[in-house]
Amino acid sequence: MTIHGSCACGAVRFAIQGTPSNLGTCHCSRCRKLGASTIVFINRDQFQLLEGADHIETIQPQAPYTYTRSFCRSCGTALGEPLSPDESFPINAHCLDDDPGIAHSFHEFTDDRPAWDRPE
Ligand SMILES: [Zn+2]
Ligand SMILES: [Zn+2]
């Protein structure tokens, strides 16, 4: 199975081979503000950047944060961490154009969830 993904303007396009290992939402303020709070975790060998390497801008973390974040320079879409050196890394689930074939399975940092963002 190939899952395609892209940013809002289409400059950045990627493909994921096979099923992501996880799909969930991080409610910490950083993920929320950077716009990539619902993520899929994939392994490096599953990920293929098809187009737009020169459109990907990366911001370096400031302590205490440790992960770089990437976004499309043209449209601002948060991509997750496609340039991570790690063997497994998160990609913004909102960028997926195809069904990843797995259910939403976790919520983390739920204590950081703002009052307006609670299940009704
Ligand atoms: Zn874009
Ligand atoms: Zn987070």
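Keep in mind that this is a model prediction, so the values were computed, not measured.
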What is the distance from atom [atom1] of [X] to atom [atom2] of [Y], rounded to the nearest 0.5 Å?
X: Leu96; Y: Thr38; atom1: CG; atom2: OG1; answer: 10.5 Å
X: Arg44; Y: Ser84; atom1: CZ; atom2: OG; answer: 6.0 Å
X: Thr110; Y: Asp117; atom1: OG1; atom2: CG; answer: 11.0 Å
X: Glu108; Y: Phe106; atom1: CD; atom2: CZ; answer: 5.0 Å
X: Thr25; Y: Ile39; atom1: OG1; atom2: CD1; answer: 7.5 Å

Can you find a heavy atom in the side chain of [X] that is under 4.5 Å from one in the side chain of [Y]?
X: Arg32; Y: Pro114; answer: yes
X: Cys95; Y: Thr77; answer: yes
X: Leu79; Y: Ile91; answer: no
X: Leu50; Y: Gln48; answer: yes

If you take all heavy atoms of [X] and [Y], which pair is closest and at what distance?
X: Phe47; Y: Pro82; answer: CZ-CB, 3.8 Å
X: Pro20; Y: Ile42; answer: CB-CG2, 3.9 Å
X: Asn43; Y: Ser88; answer: OD1-CB, 3.7 Å
X: Ala78; Y: Gly35; answer: CB-O, 3.6 Å
X: Gly101; Y: Asp99; answer: N-OD1, 2.8 Å
X: Ile3; Y: Pro100; answer: CD1-CA, 3.7 Å

*Does Glu57 come within less than 4.0 Å of Arg73, counting only side-chain N to carboxylate O?*
yes
Between the side chain of Ser105 and the main-chain N/O of Leu23, is any donor-acceptor distance below 3.5 Å?
yes
Any donor-acceptor pair under 3.5 Å from Ser21 side chain to Phe41 backbone: yes
Taken in chain and number order and not counting sequence neighbours, the residues that satisfy side-chain contact (heavy atoms from CB on, under 4.5 Å) with Arg30 are Cys28, Leu34, Pro61, Tyr65, Arg69
For Gln60, the side-chain contact (heavy atoms from CB on, under 4.5 Å) test, sequence neighbours excluded, returns Thr58, Thr68
Next on the checklist: With no hydrogens and no angle check, just 3.5 Å: does a side-chain donor-acceptor pair link His27 and Ser37?
Outcome noted: no
Donor-acceptor list for residues 6-19 side chains, cut-off 3.5 Å, not counting sequence neighbours:
residue	atom	partner	partner atom	Å
Ser6	OG	Asp97	OD2	2.8
Arg13	NE	Gly10	O	3.3
Gln17	OE1	Thr2	OG1	2.9

Is the Tyr67-Phe89 ring centre distance short of 6.0 angstrom?
no
